[in-house]
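Notes to accompany the following structure.
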Amino acid sequence: LFGPYALIRIHDIFESEFWRLKTAGVMLFRYGVFSWLPNAFCGMPSYAFHFPAYYPLLFPSAVFPPWVIYQLIAIGLMAVAGFGMYWFSKDFLGIRPWLSFVGGIVFALCSQVQAGALSHVTIFNYVFPAFFMCVIEGLFSRADLKKRMLSFGCVLVTLSIAYPVLTLPMFFVLQLLAICLLDFRDRGGRAAMAIRTTLVWAGYIMICAPVLYGLYTVAPFIQRTYTKPVELWV
């Protein structure tokens, strides 16, 4: 908040992101699911962005002030980051509980110090350990039905809020690498866990298909690459 780029960070949070959530949320309440957003770039398809017109954060954004939503997201993600790393270290890697607890605290604090201050944009920077454990320990384990349903709900909420373009290129690969390379207590074989993980991420791609297709079709009209150098005169 008080660094040399404080004003830039605040602008990026509340002017480049939350204004869109606010506007789209109000439109969703007034007109239902819409296909055209008139307030961005002189108008553009609503699905040609990082989230569709039914994005979950649109509902609270239409009611509550942006700073309230931002604070709740930042605090909530920090708590999930700490708990997820503790869970991952203790139950997956088999590290001692007290050391896993310390690791969770360190990871939670480090999650607040990163280049991007848009917490809801890069939520997998926070929730990846917890998401990983929900998939491995919750969805595909022999746990009771309550634990599996809770894990399914956490995975569904996480994927419904995450930005697919920023999530898919890195965290799917990172999860597979963690399964294939890390030394952990065997839970039915690495191959089985890798296949199940791939199925989860394949389902995420199918859910996000409208957004991915919308970006693919619209991006050529709003993003241009200039081959010739441009001279800048000061």
Side-chain angles (χ1 to χ4, degrees), residues 1-29 39-40 49-90 100-135 138 150-172 174-175 178 204 207-208 211:
L1 289 178
F2 304 105
Y5 302 106
L7 295 180
I8 297 176
R9 290 174 180 269
I10 292 174
H11 173 273
D12 289 345
I13 293 170
F14 296 107
E15 295 296 331
S16 68
E17 285 292 327
F18 274 97
W19 76 267
R20 188 184 185 99
L21 293 174
K22 180 74 173 181
T23 303
V26 171
M27 289 188 62
L28 183 62
F29 271 99
N39 301 75
F49 194 64
H50 290 287
F51 55 82
Y54 44 86
Y55 186 58
L57 287 182
L58 298 185
F59 298 95
S61 298
V63 179
F64 300 102
W67 64 269
V68 173
I69 301 174
Y70 173 77
Q71 292 296 335
L72 292 177
I73 291 176
I75 296 172
L77 289 179
M78 183 178 178
V80 174
F83 173 75
M85 182 55 70
Y86 166 75
W87 187 14
F88 173 78
S89 301
K90 182 173 69 71
S100 300
F101 181 76
V102 173
I105 293 178
V106 172
F107 184 72
L109 295 176
C110 289
S111 70
Q112 301 299 300
V113 184
Q114 53 180 309
L118 302 172
S119 302
H120 70 287
V121 172
T122 57
I123 69 166
F124 262 83
N125 289 352
Y126 303 81
V127 306
F128 177 70
F131 177 85
F132 182 93
M133 293 303 295
C134 282
V135 172
L150 181 61
S151 298
F152 175 78
C154 293
V155 169
L156 186 62
V157 170
T158 301
L159 294 181
S160 65
I161 296 178
Y163 284 12
V165 176
L166 302 178
T167 300
L168 286 171
M170 178 183 299
F171 292 99
F172 166 58
L174 186 60
Q175 187 159 358
Y204 179 52
I207 293 174
C208 298
V211 172

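Computed from a prediction, not measured in an experiment: that's the story for all the values here.
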I'd like to know if the side chain of Ser111 and the backbone of Ala108 have a donor-acceptor N/O pair within less than 3.5 Å.
yes
Taking C-beta and beyond as the side chain, do Phe49 and Val211 meet within less than 4.5 Å on heavy atoms?
no
Once the angle between the rings of Phe18 and Tyr70 is folded into 0 to 90°, is it parallel (under 30°), tilted (30 to 60°) or perpendicular (over 60°)?
perpendicular
Least distance between heavy atoms, Lys22 atom then Ala62 atom
NZ-O, 3.8 Å
Determine, step by step, whether Asn125 and Phe171 satisfy the side-chain contact (heavy atoms from CB on, under 4.5 Å) criterion, reporting the C-alpha distance in whole Å, the side-chain angles of both residues, the deciding distance to 0.1 Å, and the verdict.
CA-CA 9 Å; Asn125 289 352; Phe171 292 99; 3.4 Å; yes
For Ala178 against Phe132, the heavy-atom pair lying closest together
CB-CE1, 3.8 Å
Ile75: what forms a side chain to side chain contact (heavy atoms under 4.5 Å, CB included) with it, not counting sequence neighbours?
none
For Leu174 and Phe128, the nearest pair of non-hydrogen atoms, with its separation, is CD2-CE2, 3.7 Å
Is the closest side-chain heavy-atom distance between Pro66 and Leu21 below 4.5 Å?
no
For the residue pair Ala24 and Leu58, what are the closest heavy atoms and their distance?
CB-CD2, 3.7 Å
Does any non-hydrogen side-chain atom of Lys90 lie less than 4.5 Å from one of Phe101?
no
Taken to the nearest 0.5 Å, the spacing of Ser100 OG from Phe88 CZ works out to 10.0 Å
Beyond-backbone contact of Leu28 with Phe59, side-chain heavy atoms, under 4.5 angstrom:
yes
Minimal heavy-atom distance between Trp87 and Ala130, with the atoms involved, is CZ3-O, 4.1 Å
Spacing of CD1 belonging to Ile161 relative to OG1 belonging to Thr167, to within rounding of 0.5 Å:
11.5 Å
Validation row: Val80, Tyr126 side chains within 4.5 angstrom (heavy atoms)
no
To the nearest 0.5 angstrom, please state how far the OG1 atom of Thr122 sits from the CE atom of Met170.
10.5 Å
One should read off an interatomic distance between Arg20 CZ and Ser61 OG, to the nearest 0.5 angstrom, of 12.5 Å
Can you find a heavy atom in the side chain of Leu109 that is under 4.5 Å from one in the side chain of Met78?
yes
Ring-plane angle category for His50 and Tyr163, please: parallel below 30°, perpendicular beyond 60°, tilted otherwise.
parallel
Which label fits Tyr55 and Phe51: parallel for a plane angle under 30°, tilted from 30 to 60°, or perpendicular past 60°?
parallel
Return the set of residues passing side chain to side chain contact (heavy atoms under 4.5 Å, CB included) with Phe172 (not counting sequence neighbours), or none when no residue passes.
Leu176, Thr198, Trp201
Looking at side-chain heavy atoms only, is the closest gap between Phe83 and Val127 below 4.5 Å?
no
Distance in Å, Leu77 CG paired with Phe124 CZ, rounded so as to fall on 0.5 Å steps
11.0 Å
